[in-house]
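Scroll down for the structure; my scribbles are underneath it.
Values in this document were obtained by computation on a predicted structure and should not be read as measured data. Start at 1 and go down the list; that is how both ligands and their atoms are numbered. Basis for what follows: all heavy atoms, side chains included, without hydrogens, waters or symmetry-related copies.
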Amino acid sequence: MIIRDVIIRKLEMTMKNPFSTSFGTMQTRQFLIIEVVDEKGNKGFGEGVAFSIPWYTEETTNTSIHMIRDFLVPMLKGRTIQHPDEVNGVFKSIRKNNMAKAAVECAVWDCWAKRQGITLTEAIGGKKEKIDVGISIGLQSDFQALAERIHQSLESGFKRIKVKIKPGHDMKLLSEIRERFPDVPLMADANSAYTLDDLELLKKLDQFNLLMIEQPLASDDIVDHATLQKQIRTPICLDESILSAEDARKAIQLGSCGVINVKIGRVGGMTEAKRIHDICQESGIPVWCGGMLEAGIGRAHNIALTTLPNFTLPGDTAGSSSYWERDIISPEITVEDGTITVSQLNGIGYEVDLNEVERHTTQLFEIRL
Ligand SMILES: O=C(O)CCC(=O)C1=CC=C[C@@H](O)[C@@H]1C(=O)O
Ligand SMILES: [Mg+2]
């Protein structure tokens with residue numbers, strides 16, 4: 001396969017509900033859609049999930065455009081790609097910028113699967129026909145609002161609830177949730193808001209019987225997390241700290257976590273996500289698919305990834321209607337009784353609604369290779 005054309009679109013879409021974490025609130029979601037076209041005219045799509053502000057990782061929507069236009073796409077010029085696993089190696093000389101790499105690599109995966117006449121799920125070796133889905137609820141204005149969101153989410157069948165915590169919004173919040181919803185599969189994501197100075201408080205969170213606590217300490221740390229994991233019963237789930245399969249190997253070796261959240265963008269693509277899955281599987285560490293408030297194309301890639309066997313925990317892969325009035329794919333992704341039925345259609349399994357894409361496009365770059 002030879003990639004002949006690449007179209008980079010920057011989109012801006014308004015989320016139904018603002019999403020708040022320990023680092024800020026977002027309602028307008030900027031992201032990229034990468035379209036690749038091969039020499040036979042097959043098309044593939046990937047989503048660039050970096051935010052407009054570099055608060056989750058160092059990347060932004062605009063740094064991704066720069067990386068993709070000026071470095072990554074030129075590296076594909078004149079190259080025959082036998083299998084999409086090769087793209088990870090092609091981009092290896094470029095450091096980090098994982099979300100930019102993943103956006104292009106995922107478009108190549110989709111294109112290749114369509115060219116082979118197979119689903120993306122088959123292309124990566126996934127087997128599940130249905131996947132379990134949880135929901136991530138951002139910080140809310142007050143407990144009543146949060147309780148209402150949890151209640152609605154349980155009514156809709158979501159298989160686990162993730163809430164955001166930060167210093168000052170932890171003990172009381174979790175104890176109120178537990179009082180009202182004693183048996184709910186519950187986890188808390190701190191997005192790096194604590195340090196080992198908070199050890200005593202973090203130990204107390206064990207009483208809430210959380211499935212796991214996500215990224216309590218620094219975003220680039222695995223050493224302090226290992227110290228913390230030895231002193232708390234609740235499994236630590238690493239998110240921000242794991243950027244590669246090597247990071248996963250080291251974190252597991254140090255005992256820094258009991259679970260890993262895999263995000264395709266954060267780790268630089270589908271190939272690296274599969275490697276992390278495999279390392280965790282060999283080490284008895286369960287994984288689940290994290291979310292980046294994606295639109296339909298990114299979401300479709302996440303669903304395919306989740307069909308791998310060691311994705312044994314529900315992911316942050318809620319359906320289109322949890323985020324958008326109208327998604328950019330057809331049909332939209334729907335969740336029934338807390339599960340998504342994996343599409344049997346080729347590639348990502350959904351049609352990209354180019355009219356909707358255009359309606360939200362604020363910048364477009366066409367590159368002919
Ligand atoms: O529903 C989703 O897409 C998951 C949302 C979510 O929890 C997150 C998205 C992006 C950055 C973070 O705030 C957070 C996370 O850390 O997992
Ligand atoms: Mg997280």
message = Inside 2.8 Å of the Mg ion (ligand 2) but strictly below it, how many protein N/O/S atoms are present?
response =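 Number of qualifying protein atoms: 3.
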ask   = Does the ring centre of His301 sit less than 6.0 Å away from the ring centre of Phe45?
value =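 No: the rings miss the under 6.0 Å criterion.
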Could you check whether [Y] and [X], counting side-chain N and O atoms only, form a donor-acceptor pair closer than 3.5 Å?
{"X": "Asn88", "Y": "Glu105", "result": "no"}
{"X": "Ser219", "Y": "Ser192", "result": "no"}
{"X": "Tyr323", "Y": "Asn17", "result": "no"}
{"X": "Asp206", "Y": "Thr234", "result": "yes"}
{"X": "Ser241", "Y": "Gln215", "result": "yes"}

To check your reading of the model: name the closest protein heavy atom to [atom], its residue, and the distance in Å.
{"atom": "atom 5 (C) of ligand 1", "value": "Phe19 CZ, 3.5 Å"}
{"atom": "atom 16 (O) of ligand 1", "value": "Asn191 ND2, 2.7 Å"}
{"atom": "atom 14 (C) of ligand 1", "value": "Lys164 NZ, 3.0 Å"}
{"atom": "atom 8 (C) of ligand 1", "value": "Gly291 O, 3.7 Å"}
{"atom": "atom 13 (O) of ligand 1", "value": "Thr21 CG2, 3.0 Å"}
{"atom": "atom 10 (C) of ligand 1", "value": "Phe51 CZ, 3.5 Å"}
{"atom": "atom 11 (C) of ligand 1", "value": "Tyr56 CD1, 3.7 Å"}
{"atom": "atom 7 (O) of ligand 1", "value": "Ser136 OG, 2.7 Å"}

Would you check the N or O atoms of [X], main chain and side chain alike, for any that come under 3.5 Å of an N or O of ligand 1?
{"X": "Lys263", "result": "yes"}
{"X": "Asn261", "result": "no"}
{"X": "Tyr323", "result": "yes"}

ask   = In terms of the angle between their ring planes, are His277 and Phe311 parallel, tilted or perpendicular, with boundaries placed at 30° and 60°?
value =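 Because their plane-to-plane angle is under 30°, the rings of His277 and Phe311 count as parallel.
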Trace of the side-chain hydrogen bond (donor to acceptor under 3.5 Å, both in side chains) decision for Glu358 with Thr361 = CA-CA 5 Å; Glu358 260 168 40; Thr361 299; over 6 Å; no
task = Sort and list the pairs that fulfil salt bridge (Lys or Arg N to Asp or Glu O under 4.0 Å) and have at least one residue in residues 33-60, not counting sequence neighbours.
result =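 Qualifying pairs: Arg9-Glu35, Glu35-Lys43, Asp38-Arg115, Glu39-Arg115.
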Just jot down the ligand 1 atoms closer than 4.0 angstrom to any heavy atom of [X], in number order.
{"X": "Met292", "answer": "3 (O), 10 (C)"}
{"X": "Lys162", "answer": "7 (O), 15 (C), 17 (O)"}
{"X": "Leu293", "answer": "2 (C), 3 (O), 5 (C)"}
{"X": "Phe23", "answer": "12 (C), 13 (O)"}
{"X": "Asp239", "answer": "15 (C), 16 (O), 17 (O)"}

key: Cationic N near anionic O, under 4.0 Å, Asp239 to Arg266   =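 Yes, Asp239 and Arg266 are salt-bridged.
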message = One thing to verify: whether Lys166 and Asp170 come together as a salt bridge, which I'm taking to mean a side-chain N less than 4.0 angstrom from a carboxylate O.
response =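 Here Asp170 does not pair with Lys166 in a salt bridge, since their nearest N and O are not under 4.0 Å apart.
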ask   = What is the minimum heavy-atom distance between Pro216 and Ala190, and which atoms define it?
value =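 That would be CA-CB, 3.8 Å.
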request  = Compare every heavy atom of Trp55 with every heavy atom of Gly24, then report the nearest pair and how far apart it is.
outcome  =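 Result for this residue pair: CA-CZ3, 3.6 Å.
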message = Quick check: is Val262 connected to Met292 through a chain of hydrophobic side chains (ILVMFWY, heavy atoms under 4.5 Å apart)?
response =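 Linked, Met292 and Val262 end up in one cluster.
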task = Under 4.0 Å, heavy atoms only, figure out whether ligand 1 is touched by the backbone of Trp55, its side chain, both or neither.
result =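 Within the 4.0 Å criterion, Trp55 makes no contact with ligand 1.
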query = salt bridge (charged side-chain N to carboxylate O under 4.0 Å, His left out) with Asp316: which of Lys164, Lys162, Arg299?
reply =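 Passing option: Lys162.
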ask   = Any non-hydrogen atom of Gln215 lying under 4.0 Å from ligand 1?
value =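 No, Gln215 has no heavy atom closer than 4.0 Å to ligand 1.
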